[in-house]
Asker: 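Following this message is one structure expressed as structure tokens.
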Amino acid sequence: MKIGILISGRGSNMTAIIEAVRDQRIPDAEVSVVISDKKNALGLEKASERGIETIVVARKNRTREEHDAEIVNELEKRGVELVCLAGYMRLLSKDFVRAFPEKIINIHPSLLPSFPGLDAQRQAIDYGVRISGCTVHFVDEHLDHGAIILQKSVEVTNEDTSATLSAKILEHEHTLYVEALRKIVGGKCQIIGRRVVFEN
Ligand code: GAR
């Protein structure tokens with residue numbers, strides 16, 4: 001299965017996916033391209049170092065629809081079948097979501113539906129929750145809303161700051177994303193309503 005990864009920044013989840021594909025922890029997959037909307041995204045160099053084609057599709061002064069149409073075109077040209085958002089900090093247009101039905105996955109640093117949107121770890125600290133975590137989910141037309149594939153919880157202590165909580169969650173993000181992709185690429189999952197069902 002050909003995977004395209006979208007990033008905006010550091011790319012640590014992207015790197016985890018690339019390395020899991022390379023080591024066959026996600027079998028029968030190939031990372032065909034990494035696309036960033038930011039030309040200075042640190043992840044671009046990490047992808048190139050690992051031999052993956054990278055493209056920058058800058059937002060310029062275009063509408064979301066125009067920007068997304070170019071990304072979809074680049075993905076389709078390469079035969080990408082599964083799109084992984086890995087710290088891609090832009091909401092996708094309806095047309096993008098419809099171009100890859102049930103084939104776009106995202107990771108979010110909270111236990112959805114709590115704390116969608118930006119700065120999820122800061123939101124969790126400010127709210128005073130005792131447990132937070134990360135969620136791998138399918139992307140639909142609403143922000144951080146699609147069917148949940150996997151979640152992992154972490155404890156939040158009184159000593160935690162947004163930075164320490166982010167670091168704790170990130171450790172789990174990498175393994176959770178790889179685990180979700182193993183199941184999805186292996187064809188072992190079905191979406192029934194809002195529920196994602198795995199076969200044994
Ligand atoms: C990760 O914590 C990811 O969950 C989060 O951005 C970070 C990207 O790190 N994504 C979102 O907040 C999306 N709403 P990375 O670039 O090192 O993978």
Side-chain angles (χ1 to χ4, degrees), residues 3-22 25-26 31 33-50 52 54-57 59 64 67-68 71 82-93 96-97 100 104-127 129 131-156 160-181 184:
I3 297 176
I5 306 179
L6 267 57
I7 62 168
S8 297
R10 179 178 56 186
S12 71
N13 279 288
M14 172 209 76
T15 304
I17 296 167
I18 291 173
E19 294 189 342
V21 167
R22 188 196 59 195
R25 278 175 287 130
I26 305 172
V31 178
V33 66
V34 168
I35 300 180
S36 172
D37 61 332
K38 298 270 166 59
K39 71 173 188 313
N40 297 326
L42 291 176
L44 287 169
E45 202 180 318
K46 296 180 191 166
S48 300
E49 283 166 6
R50 288 166 177 78
I52 310 291
T54 61
I55 313 176
V56 176
V57 180
R59 298 180 191 179
R64 186 184 308 281
H67 180 236
D68 280 5
I71 296 176
L82 185 68
V83 180
C84 296
L85 308 185
Y88 184 68
M89 304 309 274
R90 196 167 202 220
L91 188 64
L92 302 188
S93 61
F96 192 146
V97 175
F100 292 94
I104 309 176
I105 297 166
N106 181 41
I107 187 149
H108 183 76
S110 74
L111 294 176
L112 290 172
S114 292
F115 314 127
L118 292 176
D119 278 331
Q121 304 94 329
R122 157 68 46 210
Q123 293 185 56
I125 294 282
D126 289 351
Y127 199 92
V129 292
I131 296 171
S132 191
C134 47
T135 303
V136 181
H137 65 95
F138 285 105
V139 172
D140 67 10
E141 293 172 11
H142 308 283
L143 178 67
D144 297 330
H145 174 269
I148 290 172
I149 303 166
L150 291 175
Q151 291 185 302
K152 175 77 187 172
S153 61
V154 306
E155 213 177 306
V156 185
D160 271 320
T161 61
S162 171
T164 62
L165 180 60
S166 299
K168 274 203 262 190
I169 293 174
L170 191 67
E171 249 178 67
H172 294 291
E173 289 189 35
H174 300 158
T175 44
L176 199 72
Y177 214 157
V178 168
E179 195 184 332
L181 288 175
I184 286 156

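One-based numbering, in listed order, for ligands and for the atoms of each. Residues take their numbers from the sequence shown, with the count starting at 1.
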Asker: Measure the acute angle between the ring planes of His145 and His142, then classify it against the limits of 30° and 60° as parallel, tilted or perpendicular.
Answerer: perpendicular
Asker: If every non-hydrogen atom of Leu165 is compared with every non-hydrogen atom of Asp160, which pair is closest and at what distance?
Answerer: N-OD1, 3.9 Å
Asker: Taking all non-hydrogen atoms of both residues into account, name the closest pair between Asn13 and Leu170 and its distance.
Answerer: ND2-CD1, 3.9 Å
Asker: Kindly say whether Met89 contributes a backbone atom to a donor-acceptor pair with the side chain of Ser8 at under 3.5 angstrom?
Answerer: yes
Asker: Provide, line by line, the atom pairs where ligand 1 and the protein bring an N/O atom each to a distance under 3.5 Å; else say none.
Answerer:
unit_1   : atom_1 : unit_2 : atom_2 : d
ligand 1 : 2 (O)  : Glu173 : OE1    : 3.2
ligand 1 : 2 (O)  : Glu173 : OE2    : 2.8
ligand 1 : 4 (O)  : Glu173 : OE1    : 2.7
ligand 1 : 4 (O)  : Glu173 : OE2    : 3.3
ligand 1 : 9 (O)  : Arg10  : NH2    : 3.0
ligand 1 : 14 (N) : His108 : ND1    : 3.2
ligand 1 : 16 (O) : Gly11  : N      : 2.8
ligand 1 : 17 (O) : Arg10  : NE     : 2.6
ligand 1 : 17 (O) : Arg10  : NH2    : 3.2
ligand 1 : 17 (O) : Ser12  : N      : 2.8
ligand 1 : 17 (O) : Ser12  : OG     : 2.5
ligand 1 : 18 (O) : Ser12  : N      : 3.4
ligand 1 : 18 (O) : Asn13  : N      : 2.9
ligand 1 : 18 (O) : Asn13  : ND2    : 2.9

Asker: Just checking Glu141: does its CD atom have more than 12 heavy atoms from other residues, nucleotides or ligands closer to it than 6.0 angstrom?
Answerer: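 Enclosed.
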Asker: Should the heavy atoms of other residues, nucleotides or ligands under 6.0 Å from CD1 of Ile131 be counted, would the total exceed 12?
Answerer: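 Atom CD1 in Ile131 is not packed in, count stays at 12 or less.
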